[in-house]
Amino acid sequence: MQFIVRDAGDEDLEQITAIYAHHVLHGTASFEEAPPAIEEIQRRRADVLARGLPYLVADGGGRVLGYSYAGPYRTRSAYRFSLENSVYVDHAQARRGIGRALLAALIARCELGSWRQMIAVIGDSTHVASIALHEQAGFNMIGTLHSVGFKFGRWLDSVLMQRPLGPGDATLPR
């Protein structure tokens, strides 16, 4: 399958909203239980962009096949050099290298900034494909928060993984 990874635009928001809604309604990658409206997705994207962070899509001939973005890991100022990544792929396009390409492009773009760590918070420890994707991208397993979410009538874990960006903690930030 041929696609390019590019910056997401306003014209992509409807498809991004649909991809995310499917994951919210049918999966455990997100702990949201009700899909947000397009206006909320637009607000979230604007917040990411206002922070100078990337928001990317995999474009397969005008069709959004997946998207990725980085946001603050936490809001307190001491965390300002750490980011959390998100990657979502259209459920009908899984296992075609889209997630790998989106994550690689996201990491590369974040390494151009002053950020030094990227954290993956993977919803549910049964998401072996997402865990493997992050391992292949250089993330290390940090740990599992057991039974911190409850969705679809069952307890869900959160898996934490981390990788350095650029020099990581080998030097002080700019």
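Since we're looking at a predicted model, the values are computed, not measured. All residue numbers refer to positions in the sequence shown, counting from 1.
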S68 vs Y88 side-chain heavy atoms within contact, under 4.5 Å: no
Side-chain heavy-atom pair I107, L165 within 4.5 angstrom cut-off: yes
Under 4.5 Å side-chain linkage, directly or through intermediates, the cluster mates of W155: F150
Distance-only donor-acceptor check, side chains T171 and R116, under 3.5 Å: yes
Linked, directly or transitively: L53 and M118 (ILVMFWY side chains, under 4.5 Å): yes
Got a list of side-chain donor-acceptor pairs under 3.5 Å for residues 22-29, not counting sequence neighbours?
from, atom 1, to, atom 2, distance (Å)
H23, NE2, V89, O, 2.8
T28, OG1, D124, OD2, 3.3
T28, OG1, H127, NE2, 2.9

R45 versus Q42, side-chain donor and acceptor atoms under 3.5 Å: no
Side-chain touch P36/R44, heavy atoms, less than 4.5 angstrom: yes
More than 12 heavy atoms of other groups within 6.0 Å of R76 CZ: no
Heavy-atom side-chain contact between Y20 and I41 under 4.5 Å: yes
Derivation and outcome, side-chain contact (heavy atoms from CB on, under 4.5 Å), residues I16 and I19: CA-CA 5 Å; I16 289 169; I19 289 168; 5.7 Å; no
Side-chain heavy-atom pair E84, Y79 within 4.5 angstrom cut-off: no
Worked verdict on Y67 versus V57 for side-chain contact (heavy atoms from CB on, under 4.5 Å): CA-CA 4 Å; Y67 67 99; V57 294; 4.0 Å; yes
Flag side-chain contact, heavy atom, 4.5 Å: Y73 against L83: no
SB check D90 R96 (cutoff 4.0 Å): no
Could you pull out all donor-acceptor pairs under 3.5 Å where a side-chain atom in residues 132-144 meets a protein atom, sequence neighbours excluded?
from, atom 1, to, atom 2, distance (Å)
H134, ND1, S130, O, 2.8
H134, NE2, N85, ND2, 3.0

Heavy-atom side-chain proximity of R109 to D7 below 4.5 angstrom: yes
